[in-house]
Amino acid sequence: DTGVSQDPRHKITKRGQNVTFRCDPISEHNRLYWYRQTLGQGPEFLTYFQNEAQLEKSRLLSDRFSAERPKGSFSTLEIQRTEQGDSAMYLCASSLDNEQFFGPGTRLTVL
Amino acid sequence: RKEVEQDPGPFNVPEGATVAFNCTYSNSASQSFFWYRQDCRKEPKLLMSVYSSGNEDGRFTAQLNRASQYISLLIRDSKLSDSATYLCVVNMNSNDYKLSFGAGTTVTVRA
């Protein structure tokens, strides 16, 4: 499968723990995006990379959130000191131009 | 005001019917417009881009009205497999391809 992959697909954690998600984009795509989606809402933009450079971060991304794309390929999203309000689907997308291809998402549940 | 607003529905239609719905966007400088489809607990997938001249892809027709800042999607001869949430998506700035999503319109096609 040469699409966008995300790992893990599901994560259950206790409040206050740190979690890290991984996204592997389509190999030739230079842009990578993170979105968050809660029930009944559309995805909300979190942050975006062009190659290894993080070019924009949403105000939704508090200082507990950090994202990296160290070699311009895969990316990680870390959430420190998780809160119940962090429970959501975290979607990664990649693109070469206008069309973004989404991964299956990581569903985070914070107890 | 949200950047992209949609009627959440649901639109319940019989097989073979035509269903149409709109979304509005707030930023008159928006550059690109899309309809994405999202099945329950799955990732969004691009259905079609929306061009100023309007465009058609099989049973799906999309229209853009820049003056009134709305986008429409029409589905003809509905199939059971068209049941999904349709996300209206706008790119506000062509430099970053960051997408703003509506909350989605749910369509259910019944036999």
> Under a 4.5 Å heavy-atom cut-off, does chain A meet the side chain of Gln38(B), its backbone, both or neither?
Replying inline: side chain
>> So which residue, Arg41(B), Gln6(B), Lys45(B), ends up with the most heavy-atom pairs under 4.5 Å with chain A?
In response: Arg41(B)
> Ring centres of Phe21(B) and Phe11(B) under 6.0 Å apart?
Replying inline: yes
> Where on Phe101(A) is there a heavy atom nearer than 4.5 Å to chain B: the side chain, the backbone, both, or neither?
Replying inline: neither
>> Does atom CG (Leu80(B)) have a neighbourhood of more than 12 heavy atoms from anything else shown, all under 6.0 Å?
In response: yes
> Gln37(A) versus chain B, heavy atoms under 4.5 Å apart: side chain, backbone, both or neither?
Replying inline: side chain
> Is the NZ or CZ atom of Lys98(B) both under 6.0 Å from the centre of the six-membered ring of Tyr48(A) and within 45° of that ring's axis?
Replying inline: no
> Any chance CG of Leu96(A) has more than 12 other-residue heavy atoms, nucleotides or ligands included, within less than 6.0 Å?
Replying inline: yes
>> For Leu91(A), which atoms come within 4.5 Å of any heavy atom of chain B: side chain, backbone, both, or neither?
In response: side chain
> For Arg22(A) and Trp34(A), which heavy atoms make the closest approach, and how far apart are they?
Replying inline: C-CH2, 4.2 Å
